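Because the structure is predicted, anything quoted here is derived from the model rather than measured. Residue numbers begin at 1 in each chain, while the letters A, B, ... track the order of the sequences.
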There are 2 protein chains.
Amino acid sequence: MTISANQIDERMRRFEQACRSARIKLTHQRIEIFREVAKTTDHPDAETVFQRVRERIPTVSLDTVYRTLWLLSDLGLITPLGPLRERTRFDANLARHHHFVCVRCGLTADFYSDLLDDLTLPEAVQALGQAETTRVEVHGICRACAERGPQPTHHPKTKQSQRNS
Amino acid sequence: MTISANQIDERMRRFEQACRSARIKLTHQRIEIFREVAKTTDHPDAETVFQRVRERIPTVSLDTVYRTLWLLSDLGLITPLGPLRERTRFDANLARHHHFVCVRCGLTADFYSDLLDDLTLPEAVQALGQAETTRVEVHGICRACAERGPQPTHHPKTKQSQRNS
DNA sequence: CTATTTGCAAATAATTTGCAGTGCG
DNA sequence: CGCACTGCAAATTATTTGCAAATAG
């Protein structure tokens with residue numbers, strides 16, 4: 001919660017602009033849902049946004065929150081973190097390594113780099129807590145998906161495909 | 001799937017050793033479940049491990065796979081990736097930044113670093129795919145949790161606590 | 001006015017748990 | 001041979017969807 005009022009206003013303006021460009025309706029709930037995410041630095045999940053928006057719009061429903069969050073992320077106004085519709089995966093590679101994750105199919109490949117193993121973190125991190133492990137996550141399109149040609153990075157819908165093996 | 005037989009054997013030995021030290025029973029299903037993860041580089045999820053183990057032990061149940069995977073991760077033999085029992089979070093910070101994630105409470109804080117914004121990736125990454133974004137993920141214990149004193153990093157159990165705000 | 005969007009309730013999907021029988025050490 | 005471990009089925013939790021009513025432009 002360290003966002004200045006100006007910063008929030010700027011984000012709100014960008015949001016309204018983006019909705020108009022996309023010819024998407026500026027509803028009360030969309031405005032408040034976006035404001036709730038734009039307001040904080042704490043990366044709330046859908047349930048948390050729901051609880052907070054509810055204080056101002058007691059009738060919002062959780063599914064509207066979900067729909068709106070994914071819409072906002074399609075518009076490029078917010079970024080989903082973590083469980084990108086993925087299940088937990090398990091890694092038996094105990095050696096120090098980093099990951100390349102395909103944003104389209106979920107393929108997660110290890111790669112190694114002495115350089116990246118030994119990064120210097122800014123002092124700001126010290127203030128946050130005691131760092132234990134540092135890993136570089138590279139997101140992109142894997143070879144196989146690139147060959148399959150351009151495809152929409154569809155979100156919701158059905159089960160996440162498993163492009164491993 | 002580029003693990004040498006030797007490498008797998010070594011992992012299996014380490015696994016058996018760890019189970020004995022922890023005085024945990026070396027059951028048929030545990031052995032095969034661990035082997036399945038140790039065998040590949042593709043970071044399978046629980047369902048995938050289940051399907052593969054099933055071919056050799058047709059009676060294993062999915063819940064045993066889940067239980068075993070978390071057990072193995074408690075023993076430090078495998079590492080869970082991605083959705084660490086977390087829900088998807090949303091981030092309205094469109095500026096380039098990195099994350100500090102508390103492994104205990106899930107707090108996810110942004111931090112900035114020009115140095116980290118401009119990392120040089122090894123050539124190996126080129127072979128994997130087209131990199132789009134690169135982010136550094138620092139995992140550790142946040143200030144608040146550190147003050148709360150040492151606590152077991154319990155996994156299963158109840159709902160993930162939300163140490164944000 | 002009219003196509004979008006919402007809220008509701010019910011459907012899916014992923015994961016966890018209680019319990020009685022089974023097998024490792 | 002006893003207690004840890006398993007399989008089953010049922011419970012939970014997170015998220016998505018179909019549909020009729022509400023509403024922004």
Review point. Please give, in whole Å, the distance from dT13(D) C1' to Glu47(A) CD?
Key: 10 Å
Practice item. Check the distance between dT12(C)'s C1' and Arg87(A)'s CZ and give it to me in whole angstrom. Key: 12 Å
Practice item. Please state whether the phosphate of dT16(C), meaning OP1 or OP2, lies under 4.0 angstrom from any side-chain nitrogen or oxygen of Trp70(B). Key: yes
**Study point:** No-hydrogen, no-angle side-chain donor-acceptor test under 3.5 Å, Asp110(A) and His99(A)
**Key:** yes
Check your understanding: Think Thr59(A) has a side-chain N or O under 4.0 angstrom from the OP1 or OP2 of dG7(C)?
Key -> yes
**Study point:** Between C1' of dG7(D) and CZ of Phe50(B), the distance in whole Å
**Key:** 10 Å
Practice item. Hey, which sits more toward the 5' end of DNA chain D by its nearest nucleotide, Arg30(B) or Asp63(B)? Key: Arg30(B)
Check your understanding: Closer than 4.0 Å, any side-chain N/O of Tyr66(B) to the OP1 or OP2 of dT15(C)?
Key -> yes
Practice item. Answer yes or no: is there a donor N or O on one side and an acceptor on the other, between the side chain of Thr64(B) and the main chain of Val60(B), under 3.5 Å? Key: no
Study note, to complete from the structure: Assign each of Thr64(B) and Leu62(A) the nucleotide of DNA chain D bearing its closest heavy atom; nearer the 5' end lies the nucleotide of Thr64(B)
Review point. Which class fits the ring pair His97(B) and Tyr112(B): parallel under 30°, tilted 30 to 60°, perpendicular over 60°?
Key: tilted
Review point. Between Gln51(B) (CD) and dA14(C) (P), how many Å, whole number?
Key: 12 Å
**Study point:** Hphob cluster co-occupancy, Leu115(B) + Val136(A), side-chain heavy atoms under 4.5 angstrom
**Key:** no
Practice item. Indicate whether the side chain of Asn93(A) and that of His43(B) have a donor and an acceptor atom separated by less than 3.5 Å. Key: no
Exercise for review: Using the closest heavy atom to pick a nucleotide of DNA chain C for each, name whichever of Arg23(A) or Arg67(B) lands nearer the 5' end.
Suggested key: Arg23(A)
Check your understanding: Using 30° and 60° as the class limits, which term best fits the ring planes of Trp70(A) and Phe90(B): parallel, tilted or perpendicular?
Key -> perpendicular
Review point. Are Arg14(A) and Leu77(A) close enough, and set up right, to give a side-chain contact (heavy atoms from CB on, under 4.5 Å), and what steps lead you there?
Key: CA-CA 8 Å; Arg14(A) 195 199 304 273; Leu77(A) 293 163; 4.3 Å; yes
Review point. Taking protein heavy atoms under 4.0 Å as touching, what does nucleotides 20-25 of chain D look like 5' to 3' if B marks base contact, S marks sugar-phosphate-only contact and - marks none?
Key: ----BS
Practice item. Measure the distance from CG on Leu69(B) to C1' on dC5(D) and round it to the nearest whole Å. Key: 15 Å
Point to revise | Whole-Å distance separating the CG atom of Leu75(B) from the C1' atom of dA4(D) | key: 14 Å
